[in-house]
Every structure is written in structure tokens, then in C-alpha cells.
Amino acid sequence: MTDTLPMSAITVNDLTVAYKDQPVLWDVDLDIPAGTLVAIVGPNGAGKTTLLKSFLGLVRPAAGQVLIFNKPFSQQRRMLGYVPQRGSVDWDFPTSVADVVMMGRYGTLGWVRRPGSADRLKALKALEQVGMLEFAERQISQLSGGQQQRVFLARALVQEAQIYLMDEPFQGVDAVTERAIVEILRNLREGGKTVVVVHHDLQTIAEYFDWVALLNVRKIAAGPVAEVFTEEHLRRTYGGRLALFSDGKLNGSVLPEQLIELPEAIH
Amino acid sequence: MDWAKIIHDLFFDYTVRTVATGSTLLGIVSGVLGVFAMLRRQSLLGDTVSHAALPGVALAFLLLNSKAPLVLLLGAMTAGWLGMLALMAIVRNTRIKLDSAMALILSVFFGFGIVLLSYTQRLPDASQAGLNKFLFGQAATMLEADVITIGILGGIALLLVIVLWKEFKILSFDRDYAAGLGFPVGVLDILLTTLLVTAIVIGLQAVGVILMSAMVVAPAAAARQWSDRLWVIVVLSAGFGAFSGVSGVLISGTRTGLATGPTIVVIASTIALLSLLFAPNRGVIFTSFRDLKNKRTMRAETVIQSLYLLAKQHGDPQYPHAEAVLRTMSANPLSVKRSLKHLESNGLVANVHESRWALTAQGVLHVEKLVARRRFL
């Protein structure tokens with residue numbers, strides 16, 4: 001590998017995943033460069049979460065493989081930090097904010113060993129980064145949606161990973177929290193990390209991300225936002241459900257009025 | 001009941017001491033694993049497992065012709081496990097949902113168990129008579145060999161929970177994330193479920209298959225009411241389990257002749273009921289009292305704000321107004337009088353004369369702070 005070519009953080013070759021007889025991902029090839037902020041975009045049921053889970057080895061592919069920094073993920077688990085969907089856990093679980101964040105250290109600790117004061121310090125630091133330090137001892141059921149999201153983010157931060165995988169981190173958070181999260185994502189990129197985000201809001205793609213992968217079971221397109229985030233590609237990703245742009249252009253600057261999602265019935 | 005005698009027996013009577021030790025152990029183990037079952041939404045699974053264990057007990061006896069506690073427990077464990085596997089297979093491969101599948105497995109296995117039990121009853125050999133105790137439990141029949149079996153199996157289960165505390169915690173809270181960190185969640189799942197099965201089968205002899213699940217559910221549900229820390233809940237649940245076990249056994253075993261299982265369950269359920277009612281923060285009484293207090297504060301605040309707005313129109317924030325006016329401004333006219341009394345007792349309003357009320361200086365400050373805070377929000 002030469003210095004001029006960016007290293008790939010995640011390489012996906014011919015990945016096919018199926019639940020029972022229903023393909024969720026079909027023959028996906030992807031090459032995500034290191035040090036970028038990447039959005040994965042696509043309609044519901046396009047396989048976005050499944051793609052993310054296949055990076056983590058959480059789903060067994062029917063065919064194909066995923067490489068993390070050119071090695072199988074089983075050798076690279078420490079490289080991956082994960083932010084699952086907020087709704088995937090029971091927030092009435094009897095534990096505190098600091099405890100949840102410390103779970104991010106469990107992978108590094110390995111079997112049996114308990115988190116110590118160094119781990120706790122890291123957890124508190126991460127909570128400070130996401131602006132939640134004063135909530136450290138709070139029971140997690142007392143958090144708002146945006147605060148829950150920040151706690152999950154902090155938990156991923158203490159993993160001290162190279163690649164961060166985030167499943168809809170902006171879902172149901174207010175504008176202030178969204179700004180704060182975007183700021184953290186940018187800091188991660190400045191630190192040379194790769195961040196892959198499942199994202200739903202097409203309007204903010206160009207503003208937040210460098211790179212985008214358009215997905216609908218198959219890969220429609222992937223590459224720098226300016227090159228691949230086009231009307232043609234979006235139309236192919238969302239089928240007939242998106243009525244787009246009068247001028248047919250959107251390179252980098254989509255105005256809210258230009259994107260209208262048509263009701264499902266028309267599709 | 002003669003308490004001095006019971007306590008004396010507890011330490012010096014061999015039978016009572018054996019029975020009490022065994023039931024304390026099983027209470028602790030089922031209390032601890034019950035918490036994890038509750039957090040993983042598997043409490044009802046315990047009921048299926050315990051019922052499913054019955055044919056295992058009978059078959060172990062029939063096939064091996066032995067009543068050794070370990071043989072019967074292993075039989076129970078195998079059958080309980082098979083029940084679980086069948087349950088998972090049904091949920092995974094058919095369109096039958098978990099609740100129906102549980103009912104199905106429970107009744108099929110339990111029915112088969114009863115048939116086998118009635119068959120053993122008719123055998124000429126007299127040694128089969130003891131198997132009946134597995135229905136409702138009979139702690140008085142607990143022997144030292146039983147207690148040792150319970151102690152070893154339960155001890156292993158508790159040790160594993162302590163050693164793998166962090167792993168079981170993250171598995172229960174966020175399974176996918178644990179898998180992402182590299183923990184073999186499938187193996188941990190099976191292990192934790194096996195420990196739950198163990199906790200259930202070691203209680204079968206004393207508590208019985210029909211009610212054993214209560215020992216998994218009730219102490220955990222009670223403990224959850226008192227704390228938001230996992231380890232506190234686990235310790236409390238173990239304590240509640242041990243207490244229910246011991247006291248149930250002593251009450252039933254000594255001379256009343258009551259079936260042990262139901263007695264233990266009545267005690268455990270009473271603890272759970274009291275916890276649901278009286279626990280701070282989560283208890284029914286505490287929360288309804290807090291709701292009532294909040295409602296009263298809200299109502300009082302609307303009344304004091306109305307008074308402030310009215311007075312402002314006269315250029316004097318302490319200008320008095322009639323209660324009737326406040327009533328017409330309120331959504332709850334009937335509560336205005338009570339709200340005014342409440343505010344008066346806090347020194348925020350004063351009854352100027354008859355039914356005319358005015359803000360006090362302190363009341364003016366209070367409202368202004370309130371309004372400022374509202375505006376900020």
C-alpha cells in the first residue's frame with residue numbers, strides 16, 4: 001500500500017445476508033476509506049442495520065466477507081466501537097449512567113476482570129466529552145432520549161476504537177443534541193478515526209458527511225458525497241417514492257423544499 | 001407458635017437444622033438467578049421449566065430405580081432442559097408465539113409427569129412413595145444428602161454468577177453490544193439459562209414443581225422495588241428468598257403439617273406485595289402520594305399566578321381579589337379554596353378580609369421567580 005492511497009478501514013466483498021429465504025443484503029461490495037465520516041443511506045428494510053451488524057460479526061453472511069483493516073473482523077474486534085439503536089435496550093435496567101459507559105471497557109478487560117478506577121476515569125472523561133458528566137450517578141431510566149443517545153455514544157468512546165459504527169444516532173434527538181453529536185463525530189475524524197453512521201435525514205448528508213453509501217438490498221452507489229449523492233442514485237435507491245428536485249441537481253446542497261417523500265401508496 | 005422452641009430447634013435439632021440449611025440455600029440461589037430471569041424477561045420460563053421437570057424425576061426413578069437426590073435432580077434437569085429446547089424450537093420454527101408455546105410445553109410435560117407419577121404409585125415396590133413430594137414439596141423429608149446436593153449445585157451456580165458478574169450483566173442489558181465486544185453471547189445465554197434451570201430443580205423437592213417458579217419470580221420482583229443498583233437487588237432478592245425458604249419450611253415442617261411449597265410461596269408473595277405497596281420511589285403508595293403532592297403544587301401555582309395577573313392590572317401586585325374571581329379563572333373551581341389555604345400555610349398569600357385574598361411580599365417574589373423560570377424554558 002502506498003502513501004498516496006488512503007487505507008481502507010472496512011472492505012466488503014460480495015456480501016450476501018439472508019433471513020430465512022429473504023435476502024437482506026445482496027452481493028454488496030464496499031470499500032470504506034479510513035479517516036472519513038460515512039453515511040449509510042437507504043429506505044426502511046434496505047439492510048442498513050444488517051450491514052452495520054455484519055461489520056461487527058453479529059450476523060452470519062450467506063456469502064462474502066468483511067475485512068477490517070484488511071483482516072477478518074474476528075482478529076480486529078478491538079478496532080470497532082458500536083452505538084446500537086437506542087430502542088434496542090430496556091432503559092429501566094437497574095444501573096447508573098457511569099456503569100453503562102464502563103461497559104465499553106468490558107471488551108478490553110476480557111473475561112472475569114472487573115473495571116477499575118482507570119476505567120472509571122475513562123468513563124467520566126467520555127461523559128464529559130458528550131456533556132453528561134453531571135449525570136454520571138443518575139439511574140438510566142431518568143434520562144431523556146437525547147441523553148440516552150449521548151450515554152451510548154460515551155460508551156462507544158471509551159472503547160478507544162479506530163472505527164465507530166453508529167445505528168441512527170440522530171433518531172429522536174433535538175437540534176442541540178444533534179449539533180453536539182456531529183461535533184463529536186468531527187472530532188473523531190480529526191483524530192484519524194473512521195465513523196460509519198446509519199442516517200435517515202437526506203437533507204444533512206452533504207453538511208455532515210464526506211462519504212456516502214446508498215443502499216437498497218444491493219449497493220446502489222458509494223463514494224464521496226459530491227460524486228455519488230445525485231438525483232439518479234437517490235431515485236434508484238428509493239424507487240419511485242422520492243419526488244426530487246426540479247433542477248435535477250443536488251451536488252452538495254439540497255434544500256429541504258427540494259426533497260419530498262411521496263406517500264407509500266403511490267409506490 | 002413457640003418461637004423460642006423453633007429457634008432452639010434451628011440450632012440444636014438435627015432435622016430442623018438440615019431442613020433450614022437446605023431451604024436457605026435454595027432460597028438464595030433462586031433469588032439470585034430470579035433477578036437475571038426477571039431482567040431478561042424470562043420469569044415465566046421458570047414456570048415452564050419447573051413443570052417440565054416432573055417427568056424427568058419420575059423417569060429417572062423408573063429407569064435407574066434409584067431415589068438418590070442427585071439422580072432425581074439430574075433427571076429433573078434433563079427434562080427441564082428438554083422442555084426449554086422444545087420451547088425454543090417451537091418459537092423459532094412455527095408461527096406459535098412464546099406464550100402459547102409455554103402453555104403447550106408446560107401442560108404436555110406436566111401431564112406426562114403426572115401419568116408417570118400415578119404409574120409409579122401402583123408399583124408393588126414401596127420405595128416409590130416419596131415421589132409425590134415433588135408436586136407440592138415436602139421439606140420435612142429433606143435429608144443431609146439432599147442438602148449436600150443442593151449445596152454443591154447451588155454453590156457452583158452462585159460462584160459462576162460472581163465470577164461472570166460483568167458478563168451476565170452486559171448480556172442482560174445489551175446482548176448485541178456484548179456480542180460486538182467479542183463475548184460469545186450464545187454460550188453465555190445457554191450458561192445463564194442452565195443456571196436458572198439448576199436453581200429451579202434444586203428447589204423442587206422442598207417447594208414442588210407447581211409453585212417453584214414463585215421462588216424465582218417473587219423475591220426478584222420484591223427486590224426490584226427497593227433499589228436501582230443491580231448488586232443491591234441481587235443481594236436483597238437472595239435475602240428475601242432465604243427468608244421465605246427458611247420460614248416457610250419451619251412453619252410447615254415442624255408440626256403444622258402444611259405443604260411446604262404453598263407456605264413458602266405465601267410468604268414470598270407477601271414480601272412482594274408489601275414491597276409493591278410500600279417501597280420508596282417505586283411503591284404504589286409512595287408514587288400516588290407524590291402524584292397527589294405534584295397535583296396540589298400545580299393547582300396552587302395556577303391560582304397564585306392568576307392572583308398575580310389580576311393584581312398587576314391594578315398596578316399593585318399585592319392588590320386583593322375575591323375568591324369567586326379566582327374560581328371563575330380556574331379549571332378546577334372546587335379546588336381553589338384548598339389551594340389558597342395551602343398557599344397561605346406557606347406564607348405566600350394572605351386572607352385580607354372575608355373571602356378576599358392578596359399576595360404577600362414573599363408571594364410576589366415567588367411568582368416572579370416562577371414566571372422567569374417559565375419564560376426561560
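Residue numbering restarts at 1 for every chain, and letters A, B, ... go by the order of the sequence lines.
The nearest pair of heavy atoms linking A179(B) to L58(A) is CB-CD2, 3.1 Å. Taking all atoms of both residues into account, the shortest heavy-atom contact from L181(B) to Q159(A) is CD2-NE2, 3.2 Å. Here the closest non-hydrogen pair linking G104(A) and Y177(B) is CA-OH, 3.3 Å.
For W26(A), the CH2 atom counts as loosely surrounded, since its 6.0 Å shell holds 12 or fewer non-hydrogen atoms of other residues, nucleotides or ligands. Crowding of R41(B) atom CZ: a count of heavy atoms from other residues, nucleotides or ligands under 6.0 Å not exceeding 12. Within a 6.0 Å radius of CZ in R282(B), other residues, nucleotides and ligands contribute more than 12 heavy atoms. Taking a 6.0 Å sphere around CZ of F173(B), one finds it holds more than 12 heavy atoms contributed by other residues, nucleotides or ligands.
In this structure, M103(A) and D174(B) have side chains that are not in contact, with every pair of non-hydrogen atoms separated by 4.5 Å or more. The side-chain heavy atoms of T95(A) and K169(B), taken from C-beta on, include a pair separated by under 4.5 Å.
Of the listed residues G110(A), A156(A), S88(A), G81(A), the one with more heavy-atom pairs under 4.5 angstrom with chain B than any other is G110(A). The choice from G107(A), S96(A), P94(A) that makes the most heavy-atom pairs within less than 4.5 Å of chain B is P94(A). Ranking I140(A), L80(A), D99(A), V83(A) against chain B, the residue ahead of the rest is D99(A), based on heavy-atom pairs under 4.5 Å. Contact count against chain B (heavy-atom pairs under 4.5 Å) is highest for R113(A) among M102(A), R78(A), R113(A). In terms of heavy-atom pairs under 4.5 angstrom with chain B, the leader among V100(A), D92(A), T108(A), L165(A) is D92(A).
Salt bridge D90(A)/R40(B): absent, no basic N to carboxylate O contact under 4.0 Å.
The stretch residues 157-167 of chain B places I162(B), V163(B), L164(B), W165(B), K166(B), E167(B) near chain A, each with some heavy atom under 4.5 Å from a heavy atom of that chain.
Atom CG in D228(B) sits 12.0 Å away from atom CZ in R138(A) (nearest 0.5 Å). Here OH of Y106(A) is found 8.5 Å from CZ of F183(B). Values are rounded to the nearest 0.5 Å.
For L230(B), the parts lying under 4.5 angstrom from a heavy atom of chain A are both the backbone and the side chain. Neither the backbone nor the side chain of R175(B) comes within contact range of chain A; no heavy atoms are under 4.5 Å apart. F55(A) does not touch chain B: none of its heavy atoms, backbone or side chain, sits under 4.5 Å away.
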